[in-house]
Each structure stands twice: as C-alpha cells, then as structure tokens.
Amino acid sequence: MSAIYSLKIKSPADLVELRDNFLKRTTGFRHTIYICGGAGCISSHSEDVVQALKKAIALRGLAQEIRMVSTGCIGLCAEGPCMIVDPDGVFYGQLTPEKVRMIVDRHLIGGRVVTEYTYFDRQKQEYIPYTKDLPFFNKQVKIALRNVGRIDYSSIEDYIGHDGYAALSKVLTDWGRDKTIQEVTDSGLRGRGGAGFPTGVKWKSGHDQPGDQKYIICNADEGDPGAFMDRSILEGDPHSVIEALIIGGYCIGANKGYIYVRAEYPLAIERLQEALEQARGVGLLGENILGSGFDFDLEIRIGAGAFVCGEETALINSIEGKRGEPRQKPPFPFQSGLWGCPTIINNVETLANICAVINRGAEWFSSYGVGRSKGTKVFALAGDIVNSGIIEIPMGISMREIIYDIGGGMKDNKKFKSVQSGGPSGGCLTEDHLDVSVDYESLAAAGAIIGSGGLIAMDENTCMVDTARYFMEFIQDESCGHCVPCRIGTKRMLELLQRMTNGEAEEEDIENLETLAKTVSETAMCALGQTAPNPVLTTIKYFRDEYIAHVRDKKCPAHICAALKEYTIDPEKCKGCGMCARGCPVNAISGEKAQPHAIDPAVCVKCGSCKAVCRFDAVVLS
C-alpha cells in the first residue's frame, strides 16, 4: 500500500496539512522539468526520453537539485516528445535520448539554453526558446487545462498541492448545495460537450427533482475524429473530474456516480482508475467525506465503441446493459434517467471547470468570454496546420488568431481553404470566416458549431466534396439505426456523395442532396442525426463551385478524387527516358526510346507513379 494511503483525510485541516507538507518537499529545487506523458508523446517514444533523462540526472549527481515531473499533455503535440524546464519556462521539442543528455550537460549543468532543440518558427526562421514568447502558449488561457502538463498525473499529493479538493472542502463545510449551484449558475458555465446548456440550470434541475436515489454521470465518450480534448484531461488531471463529480453529486443529492469512458482510451482509463483508488484510499471517496456526513462513490463504465453513446440517453442505455440507442425525450434524464432515477450528465471538460469556478469565483470565470459564451473552450487543433495540439482559448477569440497565431499557419506555406469546427456534425467554414468570433452563437450563425471542440484545418489541396463524403461515411456507419431519417437519410446522402466523387452524378443531384440534408436535419430523433447534414450543407453553401465541377465537368479541382483524375504526358517535355513506363504497374504507358510517350486512359489506374518518377515534369494531372 502506498504511503499516502496510510494517511486518511478526515477533515479540511488534514487536507491543508497534506498540501503544506507536499509544497515543502517540492520547493527549493534549482530546476523543475515537466516532461510530457500524454498519449501523443508516448506514441513518439517519450518513454525512451524519460529513461534517458532520469539516467543522465542520476549519473551527474543532480537528483537533489532537479525535480522531474511526468505530466499529461503539454499541448504542442506537433513537437512531441516535449518538455518544459522551469523556472524560466524553456520549451524543448522533438526530443530524443541523445538530445536530453545534451540538455542536461549544457542547460542544467552549464546554464546555457540549448537553442537548437527549442521551438523553431518556420515563418520567422528563428528559434523561440521560452513559452512566454510562443504565441501557441501565450495566447491561451488555461482553466480546464490548468493542471494538465503542470502536475504529476499519478500523484494525488501533487493535485492537492495545486489546491486540489479545496473546492470540495469549501462546498461541504461552508457553502452548501444552494450557494454552490448559484455560483455555478452565475459563472455562465455552459456544457462543453456540444449542446452548450447552462450547467447551473442543469444542476438545479437535478437538485429540485424528487427522488430517493439520484445519479451523476461523466460523459467521457469522446468519439469525434481528430478530437482528444477529454482524453487529455483524463490522462493529465483525472482528479479534477473526480472532485467535480463529488461536488455535483452532493449538489443534486446523489451518492453514486459513473464515468463512461470510450474503450479506445486505455491510457485514460488506467490513469483514471488509479486516481479513483487514490481518492478512495485517502478517504475522499466513500463514506463521510471530509467529516461532512456525505457519502459518495464512483465507478468507471467502459463504452462499447458506438459513437452514438455520446448522446446522453444512449449512454444511459449502455450503462444499463442495453443497446446503445437514444431514448425519446421527454422525459429528460434529470426526470428519469439511469434505471429510471433522476440523473445529471456532464462531459469531462465541463466538470474540469467546476473547481476553478468555486475556488476563484463566478465573477472571475465570467470575466473571460463574450456575450452568453463565458469562460474558455478547449479545442483539439488538427489537420494541415503547423502547431497541431490541444489548446484552451477564451471565448470570443477569432478563428484567424487560432489558425495563424496559435496554430502557426498552414503547413508548407500552403493557402488556407477551410476549417471544420465541431466534429463530424460540425460545419466547414471558409477564409471569409477567419475573423468570426469563436463562441456558441457566432459559429452557429455561420453554419458551424463549437461542438465538443474539434478543429480541423484544411489547405488548398483539400477536396470539399470528398471531405463531406468522409464525414458522412463516418456518421452513416455510426448511426444506431433507431430512426428512419438517420438510418436511411444518411445512407442516401452518402450514396449521392459517392456518385459525385466517382464522376457518376448528374447536376440535379446537388439539389437532391441539399433537400435530403435539410429533411434529415429537421426530422431525425437525436442530435447525431439532426446535426449529421452540417458538413454537407456548409460545403454546398460555401464551395458549390466544387460540387458543380464534380458533377458537370467530371473534374476534382483539388485532384483528390481518384475516379476524376486524368494523367497525360506533355510531348514537348517528354524526353522518352522510359522511367514512367517502367514504373507503371499496369503497363498503361507506351512509346519508343527517346520519343514522347503516351498514357492509355482506358488502362490507367490513376495511381500517380508515373508523375512521381518523372524528372522532367512531363506528366500532367488534370
């Protein structure tokens, strides 16, 4: 049993004592190194880097001077494996065992920053060593992510040392249920899972609903392609979610909670389970928490891989062991949810904000944001962008600032074309929307949604028709089939999009697709079906010329759709070297040596090998 488990936290005074003891033990180090232990860095072999760093520190006798902390995701995933060296906040990226040994010798011992291992700004053509100077970091405001990348995810002591469980102590011993719910309401915090429903109103509904047995559930079934916001929080700061669930359970009168995590997040599940055992071991879960007389416990439920289980009633069915499909509403979960009892469901990011709201106050939280969109929002920034990673920005920042300042612009200096906001059910926006305010209302007016927080940036080489097809293929595959509009409508939309990308569609198919999309949006039973047409509707609205090119001209302007590609050889440039013919897998190219060659379009499979090997740019793609 861990030494920490031998100490039972039975009162707020015990909590303060543990915090103070931890802070005493962790101050006075010459340097603290925060090394990323998020899933992205682990996949880039960060464990080898960690072991090399530990060994180098030990061999050089620096263990008493250097504190090394394995953290959750630091954020700048494109530079992983990465770490930050305090007190100066030096950022090192793309680490290897050899690089960290050099950093130990030159920086930790010699006192000189190893500039060539820090962040390199490709636009300015210069190294930027310090996080305070990096737009990726200095334009962010971290509330939900306040501890992610800054504490040891495996240590409840480290969490407590950063005011962990102080909000719970305040609520149980001072504020009580009504004041806590009011503070959450006054903060303006809205659900970060996509719907944007006011969290305080939801908790008040659960509090007021009669019932001897109530439940609170954390929805961690994050299934959007390219999304990893909730995963990063669970991997890097699991106790913030656990503490918020205890507070929420207390406020609504529940003594039991569940965390529903998708099975594809094994690392998050492992760290969350360890955190639950720690909290239970010291007495912060279970009976008589902090001597308040309040009993509460949590269990993890692992999802079965269905995207639709992110919908709250489908999630409830799954926990109950039923088929994961939505229920008709009303009754709403706060009226009749898990096993027919009043149930409140919040997503991971929403819960990660709760303790900060309580510790620092509603007025502080609502000072960030714009209009009815208060606070910050976590986004997973992905796609054709330089600085892919996890970010947290104040509501109201422009999309341009996210793409070009935080994101560093498009890769290889290519032109920005579109950004898809809100996951597979979100909309695709254009360059004309770069100055739109990133908040619930503004994005909705533009035809997109904040959703759970996926942001996929696309460059000039992206085919928007194929993009719509990709997302519709995902949605159609994930439809539970419960209602006809979603089951059949998404299938018919996918078929029309496939006809377009295969060069088989007629011009009226664009109108048919648009009409069908609007019908599905208006008639589907749950939010998955109702928002499924968003990528189709926005791409038709903003990129109609590409749809016309696909169906009228049988051309893909971005040269992405294989069936619409056509390779020819420019006789003026062709030298007759025969490289293209030798590389062709189907013998579609013929010609005499030193004479211009030709491609037989009836035989060509459009693989592009001829263009790849041609040294004279004679192969033309049209």
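The ring pair (Phe, Tyr, Trp, His ring centres under 6.0 Å) search around Tyr127 returns Phe120, not counting sequence neighbours. Looking at residues two or more places apart in sequence or on another chain, you find a side-chain contact (heavy atoms from CB on, under 4.5 Å) between Cys77 and Cys73, Phe228. Asn346 is linked by a side-chain hydrogen bond (donor to acceptor under 3.5 Å, both in side chains) to Trp203, counting only residues two or more places apart in sequence or in another chain. Residues satisfying the salt bridge (Lys or Arg N to Asp or Glu O under 4.0 Å) test with Arg146, not counting sequence neighbours, are none. Asp105 pairs by the salt bridge (Lys or Arg N to Asp or Glu O under 4.0 Å) definition with Arg60, not counting sequence neighbours. In terms of the side-chain hydrogen bond (donor to acceptor under 3.5 Å, both in side chains) criterion, residue partners of Asp152 (sequence neighbours excluded) are, by chain and number, Ser154. With sequence neighbours excluded, no residue forms a ring pair (Phe, Tyr, Trp, His ring centres under 6.0 Å) with Tyr119. Scanning for ring pair (Phe, Tyr, Trp, His ring centres under 6.0 Å) contacts around Phe137 gives Phe91, with sequence neighbours left out. The salt bridge (Lys or Arg N to Asp or Glu O under 4.0 Å) check on Glu401 picks up Lys139, with sequence neighbours excluded. Considering only residues two or more places apart in sequence or on other chains, Ser232 meets the side-chain hydrogen bond (donor to acceptor under 3.5 Å, both in side chains) condition with none of them. In this view, Glu270 satisfies the salt bridge (Lys or Arg N to Asp or Glu O under 4.0 Å) rule with no residue, not counting sequence neighbours.
Within the model, atoms OH of Tyr165 and CG of Leu290 stand 10.0 Å from one another, a figure rounded to the nearest 0.5 Å. The NZ atom of Lys377 sits 8.5 Å away from the CD1 atom of Ile393 when rounded to the nearest 0.5 Å. Expressed to the nearest 0.5 Å, how far OG of Ser169 lies from CG of Asp163 amounts to 11.0 Å. Going from atom CD1 of Ile302 over to atom CD1 of Ile319 covers 12.0 Å, rounded to the nearest 0.5 Å. In this structure, the separation between CD1 on Ile316 and CD1 on Ile345 is 4.0 Å, given to the nearest 0.5 Å.
Residues Glu98 and Arg101 are paired through a salt bridge, judged by an N-O separation under 4.0 Å between the basic side chain and the carboxylate. Under a 4.0 Å N-O distance rule, the pair Lys99/Glu116 does not qualify as a salt bridge. Under a 4.0 Å N-O distance rule, the pair Glu299/Lys256 qualifies as a salt bridge.
For residues 170-183, the set of pairs meeting the side-chain hydrogen bond (donor to acceptor under 3.5 Å, both in side chains) definition, not counting sequence neighbours, comprises Gln182-Asp186.
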*Going through the distances and angles, do Asp158 and Arg67 end up as a salt bridge (Lys or Arg N to Asp or Glu O under 4.0 Å)?*
CA-CA 13 Å; Asp158 206 339; Arg67 179 173 176 247; 3.3 Å; yes
_Worked verdict on Thr32 versus Asp86 for side chain to side chain donor-acceptor pair (under 3.5 Å)_ = CA-CA 5 Å; Thr32 299; Asp86 274 354; over 6 Å; no
*Hey, mind stepping through Asn353 and Ile143 against side chain to side chain contact (heavy atoms under 4.5 Å, CB included) and telling me if it holds?*
CA-CA 6 Å; Asn353 280 286; Ile143 299 177; 3.3 Å; yes
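Surrounding CD of Glu126 are more than 12 heavy atoms belonging to other residues, nucleotides or ligands, all under 6.0 Å away. Counting non-hydrogen atoms of neighbouring residues, nucleotides and ligands closer than 6.0 angstrom, the CD atom of Glu287 reaches no more than 12 such neighbours.
Counting heavy atoms from C-beta on, the side chains of Val378 and Arg192 never come closer than 4.5 Å. Considering only heavy atoms from C-beta on, Ile269 comes within 4.5 Å of Val261 through its side chain. Asp237 is listed as a side-chain neighbour of Ile151, based on a closest heavy-atom distance under 4.5 Å. You'll find the side chain of Asp14 stays beyond 4.5 Å of the side chain of Leu18, heavy atoms only. Two residues are said to be in side-chain contact when any heavy atoms from C-beta on lie closer than 4.5 Å; Ile259 and Val348 fail this criterion. Side-chain contact between Phe296 and Ile216 is present, with at least one heavy-atom pair separated by less than 4.5 Å. With contacts defined as side-chain heavy-atom distances shorter than 4.5 Å, the pair Cys36/Ser46 does not qualify.
Side chains of Tyr265 and Glu222: a donor on one and an acceptor on the other come within 3.5 Å. Under the 3.5 Å distance criterion, with hydrogens and angles disregarded, no donor-acceptor pair is assigned to the side chains of Arg301 and Tyr260.
With Lys214 contributing its side chain and Gly206 its backbone, the two residues share a donor-acceptor pair below 3.5 Å. A donor-acceptor pair under 3.5 Å links the side-chain atoms of Asn138 to the main chain of Lys132, judged by distance alone.
Checking Leu298, Ile233, Asp230 one by one against Val241, the side chain to side chain contact (heavy atoms under 4.5 Å, CB included) holds for a single residue, Ile233.
Aromatic ring centroids of Tyr117 and Tyr92 lie 6.0 Å or more apart.
Residues Ser366 and Ser187 approach most closely at CB-O, 3.4 Å, considering heavy atoms.
For the pair Arg150 and Tyr34, the cation-pi test (distance below 6.0 Å, angle within 45°) is passed.
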